[in-house]
Protein chains: 2
Amino acid sequence: MLGNFTYHNPTRLHFGEQALEELAGELKEYGSRVLLVYGGGSIKRYGLYDQVVEVLKKSGKEIFEVPDVMPNPTVDKLYEGCAAAKAADVDLILAVGGGSVCDYAKAVSVSAWCEEDPWEKYYLRMEEPDNQIIPVGCILTMVGTGSEMNGGSVITNPTQKRKIGHVFGSNVMPRFTILNPALTFTVPLRQMSAGIYDAFNHICEQYFSGQDDNTTDYLAEGLMCSLIVSSRRALKDPKDYEARSNIMWAATWALNTLLAMGKSTDWEVHMIGQAVGAYTDATHGMTLSAVSLPYYRKILPDGLPKFARFAANVWGIDARGKSQEELALAGLDAMKGWMQELGVALDLRQLGVKEEMLEGIADGTFLLTGGYRTLTRQDVIEILRESLEGENV
Amino acid sequence: MLGNFTYHNPTRLHFGEQALEELAGELKEYGSRVLLVYGGGSIKRYGLYDQVVEVLKKSGKEIFEVPDVMPNPTVDKLYEGCAAAKAADVDLILAVGGGSVCDYAKAVSVSAWCEEDPWEKYYLRMEEPDNQIIPVGCILTMVGTGSEMNGGSVITNPTQKRKIGHVFGSNVMPRFTILNPALTFTVPLRQMSAGIYDAFNHICEQYFSGQDDNTTDYLAEGLMCSLIVSSRRALKDPKDYEARSNIMWAATWALNTLLAMGKSTDWEVHMIGQAVGAYTDATHGMTLSAVSLPYYRKILPDGLPKFARFAANVWGIDARGKSQEELALAGLDAMKGWMQELGVALDLRQLGVKEEMLEGIADGTFLLTGGYRTLTRQDVIEILRESLEGENV
């Protein structure tokens, strides 16, 4: 474990098919005014909305609502939520939905009482909150982002073509989260796969960095192995509760700060993926899958021992008779095979990216220094072009 | 992930060579009266006592002390701590030492304001606290128990020959913990090994139970692999900071409730080990190592697939050409080889156990139902006798 760090994750997680029964107990901790935020119609269609509203009413809460939170929440939607939270002076923001809704709830929680433009303060300038923070609770219906147990919040500014994620500290993490794997059964298969790949990539971003022998990397390998096994079961039978519950739990731990403790991390795939997302509004997990393989092939020579270890420990590839490079490449091949089983996007054309967007996407890509290689703008162009030309597939 | 569960671990961990610098910030959260609890002379000998006292004084704290907390804290020592905490009406209990000192601090924290005999209420009857709980902070100097990030507290009643551990909830967990791996350099090698085996066995107790494919078990395998690799480095060079830091971090996660989420757990090795400890006052980790192998050999037929998986995933044993039983046994052999490298006790004679104690130890052993087999009293006798007769070695 390198350097000095602080680990603190106070989110209280209630997990299981009966987890919603814990909501009433949690609500006792807060005042009577609750802002309910959610996305499209699916929580109404499947009855979850009615269940939650019933618990809120029985708990004596006054309900205010911000519906229609979009998959990549925009800065205008953030302003709308801030106005609603402030006008009603709410005591709690309750997010019901996937990672975008949780991200959005956290954005509103730090922004509502911010005295300047929160997009500038908390996203462009990445400052720490110094105003009142409204507590957040989450009821998760889609798996992948890890937003349910971290301080992360991604907001998109379509005019500026910027999609920026701020990872806030433990004071912004959800106070509580309800995780019922059965709620994820209704997610379309394509979304399930995108979420699984998103979670897997969160682990990769933290794993493919550093030269030391770190406990955290062994935990990362365990989570990857579990995701691979359980995703194959879920692909066969999406209602396999055991598989879906393992996926949900692994996805939470994939991005709740644990895997980043005492080590350097990469996050360049997310930087490229977010730049693609700002241009296309494509599903987050798919933007990651479409650029991952060209990116990892590019940095493989700089992190060869780790890629070889990945092949052996995660994909169970026999090292005998292989050079370190052959082993490493066999690992990426195995990963590609699994991505094909999942059906996630392997090329950017599928996501609506066109040749003429490449320069703009490269301009919008932050170049980070934590991974095995710091990319140049030209590297980004090459990665995007390799994906666009379908050389992955 | 099986059943419904709640995960909540609010302990704030400061990790690294400069972690003590975070103490002053933590102290601001509490009133001025601090009860410092610690063990023998080593924290004075190596200067840690003076450093801590200096921070406390600079922070304007009034210091009260309970020194000489023994390795297996007794109920009489608990009464002494309660009287001191109550008389001084302390705002914080600061534990400086190993797991026993942390366990003791938590025992005093729930017991000081208890209106009846805390041994009866919190240990014999295992009730949940309903009185004021004094906050606890820890500065850890020895690795193994995981007490720094859990609600566990083991107290021994030598008169009754009972050693009982109560795992309290998150309201009793340390509010903060300082983990500086360099502080563990001065621990004698035998203690280091006992601590490593203690941590490893904590993982085993949670791993060897259940038939499902659970994310938690993959995390357990990762932690075991890391402990094995890092312990071998630490045996060669006890001042290898990287190795000692990985051991410290793995030991914390081995027993901070994560590995028990959504699955059944065993804990029978601890039950037998604690019964041995009540008779002999032997080092906790050594009581576990001395009974582990006979115990696992006895339950192996009942949990064969898990023991085979353990051999392949933790010890890297090639499954080809082996029956499941041969593979499983090869895993235990590999574990025995590693225990011999560590130099932990493999037979009870080393710990001062004599034939005539066996019946009493068996009487003092709780028989739990979470593992692959529920032992009978006769099973316990056989396990103890196998260890006593040195059939391990």
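Quick note on labels: first sequence line is chain A, next is B, and so on, each numbered from 1. Predicted model only: the values in this text are computed from it and were never measured.
Going from atom CG of A:D217 over to atom OG of B:S226 covers 9.0 Å, rounded to the nearest 0.5 Å.
With a 4.5 angstrom heavy-atom cutoff, B:M261 touches chain A only via side-chain atoms. Looking at B:L258, only its side chain comes within 4.5 Å of chain A, counting heavy atoms on both sides. If you measure heavy-atom distances from B:E221 to chain A, you find no contacts under 4.5 Å at all. Heavy-atom distances place the side chain of B:D318, and not its backbone, under 4.5 Å from chain A. For B:M224, no part lies near chain A; criterion is any non-hydrogen pair under 4.5 Å.
Without hydrogens or angle criteria, A:N4 side chain to B:E17 main chain gives a donor-acceptor distance under 3.5 Å.
Aromatic ring centres of A:W249 and B:F5 lie closer together than 6.0 Å. For B:W253 and A:Y218, the ring centers sit 6.0 Å or farther from each other.
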Checking side-chain contact (heavy atoms from CB on, under 4.5 Å) for the pair A:Y7/B:M149: CA distance, chi angles, key distance, verdict? CA-CA 11 Å; A:Y7 176 85; B:M149 201 190 186; 3.7 Å; yes
Please walk me through it: do A:T6 and B:R12 pass side-chain contact (heavy atoms from CB on, under 4.5 Å)? CA-CA 7 Å; A:T6 292; B:R12 190 186 285 111; 3.7 Å; yes
Step by step, work out the side-chain contact (heavy atoms from CB on, under 4.5 Å) result for A:Y241 and B:M1. CA-CA 9 Å; A:Y241 179 85; B:M1 310 299 297; over 6 Å; no
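If you tally non-hydrogen atom pairs under 4.5 Å between each of B:A220, B:S245, B:G3 and chain A, the highest count goes to B:S245. Between chain B and the options A:N214, A:N9, A:N180, the largest number of non-hydrogen pairs under 4.5 Å is found for A:N214. Heavy-atom pairs under 4.5 Å with chain B peak, among A:G316, A:G222, A:A243, at A:G222.
At least one side-chain heavy atom of B:D213 sits under 4.5 Å from a side-chain heavy atom of A:R233. For the pair A:L223/B:T215, a side-chain contact is recorded, criterion being any heavy-atom separation below 4.5 Å from C-beta on.
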